[in-house]
Structures are given as C-alpha cells and as structure tokens.
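Down below is the structure, laid out as structure tokens.
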Amino acid sequence: MKSRRTVGWSEFIVGTLLIILGIYTFVKPAAAVKGVTVIYGIFALVTGIMDIVYYIKAEQRTGFAPAVSLISGIISAIAGIFILFHLMAGEWALLILFPLWFIMHCIGRLSHLPFVRMTCGNGYYYFTMIVNIIGLILGFLMILNPILSFLSVGYIIAIYLLILGIDGVIFSFVLLN
C-alpha cells in the first residue's frame, strides 16, 4: 500500500495539472469540447475493436462466443468511426451524454461522503458535499435546457476541471499533514 505522503504528492501533481487544464479550457472552451469528442470517438472505436477481437478469440478457443460481444463491438466501432468523421454530430451526442455523466459522477462522489468525513474531517466533507450538489444542479439544468448545455458545456468542463484540481490540491495537503 502506498504511503499517505506518496499519495499526497501524486494528488497534488494531478490537482495542479487539472487546474492548468481548466484554465486552458476557459481560454478555449470549443477546443475542449472538440477534444473530448475526439477522445470519445477513439474510445468507442478501440472498445468496439476489442469486443470484436474478444468474440473471435472466444470463438476460436471454445467453439462458441457471445453474439452480444460481436454486435456491441460492431456498433461501437461504427459509432467511433461516425464520431471521428462527423465531429459536429459527436459534439451533439456529447451534449446529451455529458450531463448524464456529470450527474452520475456527482452521485458517486456524494456516496463517498461518510468515508470522506471519517478520513479527512468536516471541512473537506462539507466542501465535497457542496461542490457535488452544485454539480447535480448543473447536470439537471443541462438536461432540462439542451441549448444551455450546448452554449456552456466548454465552460462547465473548465469550471469542473478547476474544481477537481482544487479538490485534489486540498486533498493532497490533508494527506501530507
């Protein structure tokens, strides 16, 4: 198991990098949306190929394989190719998926609050709780008003990166002390 000091320094470095990335995203929000869309397209293509390879290997080794792997692999690969060649359509898909991810991430972080209070104290507990409640509100606002999401997603990504960075730096100081 890593020592608290090692984890503290890695949290500090990651937090600092997230703050820098957040500032860059504030300066160029459209580039952030396009970058996230490209990464999502590559991820979909690669996971699709991996599912197809899994299907082929399972078929060769056992004589049968789950057809779901082949079907999901083909659909993922096609979706990845589509997103990479039609970035604007990918950006629109991202505008639907991003608020859902935002909400799920905040719910996940809120579910860790008892552990946060036990290990880091009340100050960090309340900070994490407030940040994630704000994240939930923003996520639901983006779902209810897609135009708001389209116009603000780059800035929301920037703000969230800054908050995650600040959260990481504060957490690193908690671990280093």
How many angstroms lie between [atom1] in [X] and [atom2] in [Y], if you round to the nearest 0.5 Å?
X	Y	atom1	atom2	result
Ile143	Leu100	CD1	CG	4.5 Å
Ile133	Thr128	CD1	OG1	11.0 Å
Ile103	Met142	CD1	CE	7.5 Å
Thr16	Ile166	OG1	CD1	10.5 Å
Thr47	Ile52	OG1	CD1	9.5 Å

Using every non-hydrogen atom in the two residues, find where [X] and [Y] come nearest and quote the distance to one decimal.
X	Y	result
Tyr24	Ala31	OH-CB, 4.5 Å
Gly22	Ala158	O-CB, 3.6 Å
Asn122	Arg117	OD1-NE, 2.9 Å
Leu162	Ile19	CD2-O, 3.5 Å
Val38	Leu84	O-CD2, 3.7 Å
Tyr125	Leu113	CD1-O, 3.4 Å

Quick check: do [X] and [Y] have side-chain heavy atoms less than 4.5 Å from each other?
X	Y	value
Leu161	Ile20	no
Tyr54	Met50	no
Ile159	Phe26	yes
Ile107	Leu136	yes

(message) Within the supplied structure, the quantity of interest is the number of heavy atoms (other residues, nucleotides, ligands) at a distance under 6.0 Å from Tyr40 OH; does it exceed 12?
(response) no

Within one Ile-Leu-Val-Met-Phe-Trp-Tyr cluster: [X] and [Y], side-chain cutoff 4.5 Å:
X	Y	value
Leu164	Ile134	yes
Ile23	Leu17	no
Leu87	Ile42	yes
Leu141	Leu110	yes
Ile170	Phe173	yes

Would you say Asp167's side chain and Ile163's backbone share a donor-acceptor pair under 3.5 angstrom?
-> no

### Message
Quick check against the 3.5 Å criterion: does Ser76 have a side-chain atom that pairs as donor or acceptor with the backbone of Gly73?
### Response
no

Classify the angle between the aromatic ring planes of Phe82 and His86 as parallel (below 30°), tilted (30 to 60°) or perpendicular (above 60°).
-> tilted

